[in-house]
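So you know, we letter chains A, B, ... as the sequences are listed, proteins then strands, and number each from 1. In this text, all values refer to a predicted model and were calculated from it rather than measured experimentally.
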Protein chains: 2
Amino acid sequence: MSDLESISVAVSPREKFREYLSTQNKRLTRERDIVVEEVFATHEHFDPEQLVAVMTARTDGRRVSRSTVYRTLKELERAGLLRKVARANDRDVFEHDYGYPQHDHLICSECGSLTEFPADDVSKVVTRVAEANGFRHTGHRLEVHGVCNQCCRSPRRRHPKLDMI
Amino acid sequence: MSDLESISVAVSPREKFREYLSTQNKRLTRERDIVVEEVFATHEHFDPEQLVAVMTARTDGRRVSRSTVYRTLKELERAGLLRKVARANDRDVFEHDYGYPQHDHLICSECGSLTEFPADDVSKVVTRVAEANGFRHTGHRLEVHGVCNQCCRSPRRRHPKLDMI
DNA sequence: CTTCGTGCAAAACCTTTGCATTAAA
DNA sequence: TTTAATGCAAAGGTTTTGCACGAAG
């Protein structure tokens, strides 16, 4: 094996998407390419509407329609590049599921903040449980609900609208 | 303290709901009562539409409207009697969160089935993480995604419609 | 050429809400 | 009697889809 092969090179999201698509007899179109670039360039947590807003506002010939954004998000999920982490304001919230350390979230019910923590310990448990059930697991999602440090001290605020996450 | 007091009696969901409502200056109406009875009598996993179907079909004077079903589900969640476990077919899936052992779910992406497993080990991890972050946690929700034992063996079926859970 | 993808607008869907009426406390 | 809750129908908001056109292999 060559030097190159012995190094595990990080494949770009775009490349991974292309691989996935080819296995499905689907095409890496210009639009899908644009969406992947945007999603992996600037966002961490985002919801479809935020992305749609950006993509449909473009005037430089890189505009992508609402339908295609939604359709592409679905493909990106299937490809293992994105995952839904939560719901906020009745929208699905996505985050990178590739090229990003596995983590889970503490979700504050007072202020709506998401706090990340490493998923290592949880993953161990998950792996064990999955094996015991003959379940081929591809990932997990753990939401810990409660009240964050800050809100524990402050006077109670009920349902403050959260627009960004 | 009396003999009676020394025994921790399991309070019925209905009673617990009444207690919650009174703390909120809300009323245990006939309709809310009917919904609680139905929810805790027959369902385990259910989504709002299934419940609405049952409640609005009644002709025995125990009919409850769609609006009230939705409104009551919200109250039951706030009261700690129900919790959302997942989303399936774009609907929230509820289950009992009271008088029921804590558990989490393996969710098959092929057939949509939910398999329960005890939450003990996960809870330990969650408790530790929450403490480390000064987070007062009230509960968690863990979804393990993948392909179940049965679907691993069978030929691939894409998106089989799941109507019941 | 033949299949797949896009964009648009309309539809589908789930969930919430305004309002007049009815029922708890 | 006072305040909260119900039912209806209509609205709200997100996501999907039918279809004609265009692009990719």
- Task: Check whether any side-chain nitrogen or oxygen of K26(B) sits under 4.0 Å from OP1 or OP2 of dA25(C), and answer yes or no.
- Result: no
- Note on the structure: Heavy-atom nearest nucleotide on DNA chain C taken for P48(B) and for R18(B); more 5' hit belongs to P48(B)
- Task: To the nearest 0.5 Å, tell me how far I107(A) CD1 sits from T138(B) OG1.
- Result: 10.5 Å
- Please state whether the base of dT17(C) and the side chain of S67(B) form at least one donor-acceptor pair under 3.5 Å? yes
- Return the value, rounded to whole Å, for the distance between atom CD of E49(A) and atom P of dG13(D). 11 Å
- Message: Would you call the rings of H103(A) and H45(A) parallel, tilted or perpendicular, taking 30° and 60° as the class edges?
- Response: perpendicular
- note: Q50(A), atom CD; dG13(D), atom P; distance rounded to Å ~ 16 Å
- Task: Determine, for R83(B) against E95(B), whether the closest basic-nitrogen to carboxylate-oxygen distance falls under 4.0 angstrom.
- Result: yes
- Length of the CG-C1' vector between D33(A) and dT6(C), whole Å: 15 Å
- R91(A) CZ to dG12(D) P: how many Å, rounded? 16 Å
- Item | side-chain N/O T68(A) vs dG7(C) OP1/OP2, d < 4.0 Å | yes
- Message: Please report the distance, rounded to the nearest Å, between CG in D92(A) and P in dG13(D).
- Response: 17 Å
- Query: Is the phosphate of dT15(C), meaning OP1 or OP2, less than 4.0 Å from a side-chain N or O of Y70(B)?
  - Reply: yes
- Task: Take atom CZ of R62(B) and atom C1' of dG7(D), then tell me their distance rounded to the nearest Å.
- Result: 18 Å
- Query: Using 4.0 Å as the upper bound for N to carboxylate O, is an ion pair formed by E15(A) and R18(A)?
  - Reply: yes
- Has the side chain of N149(B) got a donor or acceptor atom that lies under 3.5 Å from a matching backbone atom of F135(A)? no
- Any sub-3.5 Å donor-acceptor pair from Y20(B)'s side-chain atoms to G80(B)'s backbone N or O? no
- Query: Where the side chain of R32(A) is concerned, which of dT6(C), dC8(D), dT16(C) is the nearest nucleotide?
  - Reply: dT6(C)
- Message: If I take atom NZ from residue K26(B) and atom CD from residue E75(B), how far apart are they, to the nearest 0.5 angstrom?
- Response: 3.5 Å
- Whole-Å distance between dT3(D) P and Q24(B) CD? 18 Å
- Query: Between atom CG in L21(B) and atom P in dA5(D), what is the gap in whole Å?
  - Reply: 8 Å
Collect all protein-nucleotide pairs involving nucleotides 19-24 of chain C in which both atoms are nitrogen or oxygen and the distance is under 3.5 Å.
unit_1, atom_1, unit_2, atom_2, d
dA24(C), N3, R27(B), NH1, 3.2

